[in-house]
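Working notes for the structure below.
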There are 2 protein chains.
Amino acid sequence: MAPVDAVVTLSDVAREAGVSIATASKALNGKDDVAAETRRRVLAIAEAMSFRANPMAKGLNTRLSGTVGLLTGDLEGRFMIPILTGAENAFVNGRVDVFLCDARGDAIREQHQLRALLNRRVDGIIVVGASTNPRSSLAHDIPVPVVYVNAPSENPDDLSLAPDEFMGGRIAVEHLLACGRTRIAHISGDPAYTAAHGRAAGARAALRDAGLDFVADPVFSEWSEQWGRSATAMLLGRHPDVDGIFAGSDQIARGVLDTARELGREVPDDLSVIGYDNWEVIATGSRPGLTTVDAQLQDLGRLAAQRIFEGIDGADIGAGVRQQPVRLVVRGSTVPGRAPAGRG
Amino acid sequence: MAPVDAVVTLSDVAREAGVSIATASKALNGKDDVAAETRRRVLAIAEAMSFRANPMAKGLNTRLSGTVGLLTGDLEGRFMIPILTGAENAFVNGRVDVFLCDARGDAIREQHQLRALLNRRVDGIIVVGASTNPRSSLAHDIPVPVVYVNAPSENPDDLSLAPDEFMGGRIAVEHLLACGRTRIAHISGDPAYTAAHGRAAGARAALRDAGLDFVADPVFSEWSEQWGRSATAMLLGRHPDVDGIFAGSDQIARGVLDTARELGREVPDDLSVIGYDNWEVIATGSRPGLTTVDAQLQDLGRLAAQRIFEGIDGADIGAGVRQQPVRLVVRGSTVPGRAPAGRG
DNA sequence: CTGTTAGCGCATTCAT
DNA sequence: ATGAATGCGCTAACAG
């Protein structure tokens with residue numbers, strides 16, 4: 001029995017197969033100037049010996065490390081995780097691995113991490129933002145493909161994949177309209193977020209298309225349950241006839257639901273409520289379950305990985321901000337009988 | 001101006017410093033057989049040229065990649081993120097980078113990821129579980145240090161760092177007692193989780209020490225708000241004199257708070273409620289803010305990284321399950337005037 | 001088609 | 001104290 005850490009090397013495979021190291025290398029890398037029978041034999045032996053090329057040695061002369069860096073500023077990981085999952089799915093397992101770096105929203109630290117990643121010779125970089133607010137470009141002289149996800153780069157020469165906030169607002173209100181609601185209000189979060197404005201604009205567009213307008217001007221403050229509660233109290237006090245509320249986030253929506261219940265409004269019969277984010281723990285724990293908009297971040301991650309691949313292969317990955325479609329998730333807060341009380 | 005991707009190499013530094021590559025290498029790596037003046041000059045020039053050793057070339061003969069693998073089964077990232085953050089803090093930035101692999105709770109995939117990590121020649125592996133239930137050991141012949149975090153390995157030869165669930169239950173109840181509560185109940189989650197039993201046992205021990213017992217037998221079902229609501233309705237119906245509820249999770253605790261309010265119980269005046277996990281979005285969004293137990297996962301990550309370091313340096317990292325201390329976070333659900341209504 | 005030769009960038013003998 | 005030489009494991013010319 002060989003020692004446990006006996007790492008089998010290419011020369012082991014070559015010797016066993018009775019060929020030179022070079023031939024073994026070609027056979028394993030699919031080069032076409034090698035006899036079919038030879039290749040078969042080398043592959044079989046490599047498999048039998050469970051040979052795996054040392055990525056350091058390989059990378060040393062191919063200049064490719066088979067790694068990508070995921071640079072995030074998202075402490076909570078709420079956006080980063082699905083994006084990472086999507087990217088991992090796209091990167092064939094074992095062929096590309098992902099370095100995760102948390103810059104904690106600090107520009108200095110971000111530059112450090114960037115240097116570290118480039119020094120590691122990552123083949124590409126995915127930059128994940130904690131919000132969909134545009135962010136400054138990492139640098140202009142990065143020698144590998146870079147894709148910005150969620151938070152787009154301010155530099156139009158960079159490629160950015162972002163959720164379509166306008167579409168999100170639009171489909172949210174279209175759904176309320178489809179539920180027969182006509183007296184619709186909008187309670188959203190921090191007005192410093194471009195997302196808040198995009199969603200509101202999309203919502204208003206949907207109303208216009210139906211010949212309607214908001215019952216009250218949209219209100220903005222912060223992305224918290226507390227704000228959802230107080231805003232709802234004010235809103236229903238002044239406009240008791242509201243029959244649909246589009247909340248700018250699931251957290252706000254939970255506050256809306258809480259206060260609506262306390263004021264004796266039945267959801268979804270009296271009042272339909274729709275949230276935003278499809279944050280599982282929030283949206284499924286509420287009473288009733290929350291209809292909401294899902295940004296499909298996993299798709300963004302997958303697309304980003306695909307672009308990185310193309311970039312590694314030498315292709316131009318493109319530029320500009322690509323607004324990606326979002327999706328409605330229907331639960332009990334707009335449609336009776338749907339997930340009426342969370343999953344419990 | 002040199003081309004943007006002109007990577008500066010050790011021989012560049014050596015030439016610039018007027019020494020051989022060997023001497024430059026020694027100087028940069030702190031070997032002691034090099035003149036002080038020479039070292040100073042080499043270091044200065046390396047700094048000026050912003051030289052960074054190519055980790056692939058370096059790893060090729062040191063057998064150390066300067067990377068560790070973080071193997072997780074935690075889809076939500078709720079446990080993984082703080083652990084990762086703690087580990088990153090311990091690993092001096094830029095000297096060690098972290099490969100993140102999500103096995104999605106699939107043992108087959110986990111073995112694949114493990115192979116991929118070992119093939120990458122990671123210097124160590126941190127295994128993060130989604131629960132604190134013991135899990136099977138990865139393998140017995142892993143040539144690098146492995147530390148299990150959160151979910152301990154079933155193999156006592158492995159080193160595991162886990163939160164002290166017993167202590168958590170104990171300090172939760174001790175806090176309720178300190179708040180003057182004596183009629184205490186426990187509503188917890190899925191009895192298939194060892195955490196549920198550990199917390200309950202710790203809670204009971206604290207009561208015993210005070211010459212008390214639970215007002216009603218602890219109940220177990222699932223870690224959801226819905227269960228927290230229905231369990232509370234049952235509990236307060238049968239034992240209206242309960243003045244303290246220890247919930248097995250923050251989600252359950254939110255359900256408790258909801259139902260308590262609906263039944264007209266004032267928290268924390270009539271009834272004190274304490275949760276578990278310190279899951280920010282849950283614990284700070286509630287009314288009032290939730291007193292809860294924090295597992296200090298960031299510390300676990302930091303400790304794991306330190307152990308990995310020791311292991312890389314050749315030391316024995318130890319074995320067995322190390323129960324790490326947990327911590328109480330006090331908010332308004334047990335103490336009046338503390339974070340009375342979330343952060344809003 | 002196959003093998004020989006030459007590096008990739010660095011650490012490490014072993015001379016000097 | 002310094003430098004020439006050797007090799008880590010592999011890929012990429014080139015020569016047979």
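Atoms considered below: every heavy atom in the structure, side chains included; atoms not considered: hydrogens, waters and symmetry mates. Throughout, protein chains are lettered first and strands after them, A, B, ... in sequence-line order, and every chain is numbered starting at 1.
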Qualifying side chain to side chain donor-acceptor pair (under 3.5 Å) pairs, either residue in residues 9-19 of chain A, two or more places apart:
A:Asp12-A:Arg15
Check salt bridge (Lys or Arg N to Asp or Glu O under 4.0 Å) between A:Arg78 and all other residues, then give those that pass, not counting sequence neighbours.
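Scan of A:Arg78 (salt bridge (Lys or Arg N to Asp or Glu O under 4.0 Å), adjacent residues dropped) gives A:Asp277.
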Length of the line joining [X]:[atom1] and [N]:[atom2], which is rounded to integer Å:
{"X": "A:Asn29", "N": "D:dA13", "atom1": "CG", "atom2": "P", "answer": "13 Å"}
{"X": "B:Leu28", "N": "C:dA11", "atom1": "CG", "atom2": "P", "answer": "8 Å"}
{"X": "A:Asn54", "N": "D:dG7", "atom1": "CG", "atom2": "P", "answer": "18 Å"}
{"X": "B:Arg15", "N": "D:dG3", "atom1": "CZ", "atom2": "P", "answer": "14 Å"}

Answer yes or no: does a side-chain N or O of A:Lys31 lie under 4.0 Å from OP1 or OP2 of D:dA12?
yes
Between side-chain atoms of residues 24-38 of chain A and protein atoms elsewhere (two or more places apart, or another chain), which donor-acceptor pairs fall under 3.5 Å?
from	atom 1	to	atom 2	distance (Å)
A:Glu37	OE1	A:Arg40	NE	3.3
A:Glu37	OE2	A:Arg40	NH2	3.4

Go ahead and write out DNA chain D as dot-bracket, 5' to 3': ( ) for pairs within the strand, [ ] for ones crossing earlier pairs, | when the partner sits on another strand, dots for unpaired; Watson-Crick or G-U wobble, both distances under 3.5 Å.
|||||||||||.||||
Scan residues 55-66 of chain B against DNA chain D and write down, sorted by residue number, each residue with any heavy atom closer than 4.0 Å; if none is found, say none.
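By residue number: B:Leu60, B:Asn61, B:Arg63.
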Going by atom types alone, do B:Asn150 and B:Thr132 pair a side-chain donor with an acceptor below 3.5 Å?
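Looking only at side-chain atoms, B:Thr132 and B:Asn150 do not form any donor-acceptor pair under 3.5 Å.
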Test of understanding: with side chain to side chain donor-acceptor pair (under 3.5 Å), list the residues that count as partners of [X], not counting sequence neighbours.
{"X": "A:Thr85", "answer": "none"}
{"X": "B:Ser153", "answer": "B:Asp158"}
{"X": "B:Ser136", "answer": "none"}
{"X": "B:Asp123", "answer": "B:Ser65"}

A:Glu88/B:Arg104 ion pair, N-O < 4.0 Å
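Yes.
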Write down the protein N/O and nucleotide N/O pairs, taken from nucleotides 2-6 of chain C, whose separation is under 3.5 Å; answer none if there are no such pairs.
from	atom 1	to	atom 2	distance (Å)
C:dT2	OP1	A:Thr38	OG1	2.7
C:dT2	OP2	A:Ala35	N	2.8
C:dT2	OP2	A:Thr38	OG1	3.3
C:dG3	OP2	A:Ser20	N	2.9
C:dG3	OP2	A:Ser20	OG	3.4
C:dG3	OP2	A:Thr23	OG1	3.0
C:dG3	O6	A:Lys26	NZ	2.7

Test of understanding: with ring-ring contact (aromatic ring centres under 6.0 Å, His included), list the residues that count as partners of A:Phe99, not counting sequence neighbours.
B:Phe99
Check residues 296-305 of chain A and write down every donor-acceptor pair under 3.5 Å in which the side-chain atom is one partner and the other belongs to a residue at least two apart or another chain.
from	atom 1	to	atom 2	distance (Å)
A:Gln296	OE1	A:Arg327	NE	3.3
A:Gln296	NE2	A:Pro325	O	3.1
A:Asp299	OD1	A:Arg302	NH2	3.3

Mind checking the P distance from D:dT6 to C:dT5? Whole angstroms is fine.
15 Å
